[in-house]
Amino acid sequence: MNEKDIQDALKRSVQTEKNAMNFYQIAASHMTDAGAIKTFELLAREERDHAEQFFASYEGSDMPSFDDFIDAPPDNESDWLSDLDKTLLSDFSERKAMEFAMDKELNLEKSLREMAAKIEDADVRAIFEANAKSTHNHYVLIESEYARLMG
């Protein structure tokens, strides 16, 4: 990958992590189970941390400060949020939200690992690899919480 492609990947990753953070925040606000709420609030904080890691490596000048970016309104057209608005909120349940989140986390992990494999810069590749590992852990956490909820 050339430097422009790497920077584009970093910028997209910042946005993806923010979208995931916003999803977990919104979904948590609709939940009633204390354990599920706690899990999604934790995931939202971790997605914010992921966004910050990607942001720190992004060298472009077309984004506001990290705090301004992260505090901006959610992108309701994103993959993470458009389905939430269209499907999940109309008939919301913790089960559906967790199933959706597990699917998204698996796909994101795969995407991050594929991107890492294309990046020659060891420092940037390490960011993608670390986030892929953390994303896998998100899946495992959600799966565990899902099992608890489903008894």
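The structure presented is a predicted model; accordingly, all values stated were derived computationally and were not measured. Heavy-atom basis, side chains included; hydrogens, waters and symmetry copies ignored.
In summary, Lys4 and Asp8 engage in a salt bridge, as defined by a charged side-chain N under 4.0 Å from a carboxylate O. A salt bridge between Asp75 and Lys18 is absent, with no side-chain N of the basic residue lying under 4.0 Å from a carboxylate O of the acidic one. Between Asp33 and Arg148 there is a salt bridge, since at least one side-chain N of the basic residue sits less than 4.0 Å from a carboxylate O of the acidic one. Comment: Arg113 engages Glu109 in a salt bridge, judged by a side-chain N to carboxylate O separation of less than 4.0 angstrom. Classification of Glu99 and Lys96 as a salt-bridged pair fails, no side-chain N sitting under 4.0 Å from a carboxylate O. By the 4.0 Å N-to-carboxylate-O rule, Glu129 lies too far from Lys133 to be salt-bridged with it.
Remark: the backbone N or O of Phe54 is not paired with any side-chain donor or acceptor of Ser57 at under 3.5 angstrom. Counting only distance, with no hydrogens or angles, the side chain of Thr39 and the backbone of Gly35 share a donor-acceptor pair below 3.5 Å. The closest donor-acceptor contact from the side chain of Asp68 to the backbone of Pro64 lies at 3.5 Å or more, if one exists at all. In terms of modelled atom types and a separation under 3.5 Å, the side chain of Asn19 and the main chain of Gln15 share a donor-acceptor contact. In terms of modelled atom types and a separation under 3.5 Å, the side chain of Glu120 and the main chain of Met1 share no donor-acceptor contact. Ser111 contributes no side-chain N or O that, together with a main-chain N or O of Asn107, makes up a donor-acceptor pair within less than 3.5 Å. A donor-acceptor distance shorter than 3.5 angstrom exists from the side chain of Glu145 to the backbone of Ala36, with no hydrogens or angles considered. At distances below 3.5 Å, not a single donor-acceptor pair connects side-chain atoms of Arg125 with backbone N or O atoms of Ala116.
In plain terms, the two heavy atoms of Met21 and Ala44 that are nearest each other are CG-O, 3.3 Å. Closest approach of Phe66 to Ala51, counting heavy atoms only: CE1-C, 3.7 Å. Phe69 and Val14 get closest at one heavy-atom pair: CE2-CG1, 3.3 Å. Taking all atoms of both residues into account, the shortest heavy-atom contact from Arg12 to Met115 is NH2-CE, 3.8 Å. Nearest approach of Ala101 to Ile142, heavy atoms of both residues: CB-CD1, 3.8 Å. Nearest heavy-atom pair, Glu94 versus Thr32, reported as atom, atom and distance to 0.1 Å: OE2-N, 2.6 Å.
Annotation: side chain of Glu52 is not in contact with side chain of Ile70 (no heavy-atom distance under 4.5 Å). In this structure, Trp80 and Asn76 have side chains that are not in contact, with every pair of non-hydrogen atoms separated by 4.5 Å or more.
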Candidate pair Phe128 and Ser13, rule side chain to side chain contact (heavy atoms under 4.5 Å, CB included), full reasoning: CA-CA 9 Å; Phe128 279 87; Ser13 295; 3.4 Å; yes
Stepwise side chain to side chain contact (heavy atoms under 4.5 Å, CB included) check, Asp5 with Ile119: CA-CA 9 Å; Asp5 291 339; Ile119 297 174; over 6 Å; no
Test log, rule side chain to side chain contact (heavy atoms under 4.5 Å, CB included), inputs His136 and Leu106: CA-CA 7 Å; His136 176 77; Leu106 280 177; 5.5 Å; no
Step-by-step side chain to side chain contact (heavy atoms under 4.5 Å, CB included) determination, His30 to Ile37: CA-CA 9 Å; His30 287 83; Ile37 293 168; over 6 Å; no
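Classification of the Phe23-Phe40 ring pair by plane angle, with boundaries at 30° and 60°, yields tilted. Between Tyr24 and His138, the ring planes are perpendicular. Angles over 60° get that label, and only those under 30° would be called parallel.
Atom CD of Glu3 has more than 12 neighbouring heavy atoms from other residues, nucleotides or ligands inside a 6.0 Å radius.
The CG atom of Asn22 lies 11.5 Å from the CZ atom of Arg48; values are rounded to the nearest 0.5 Å.
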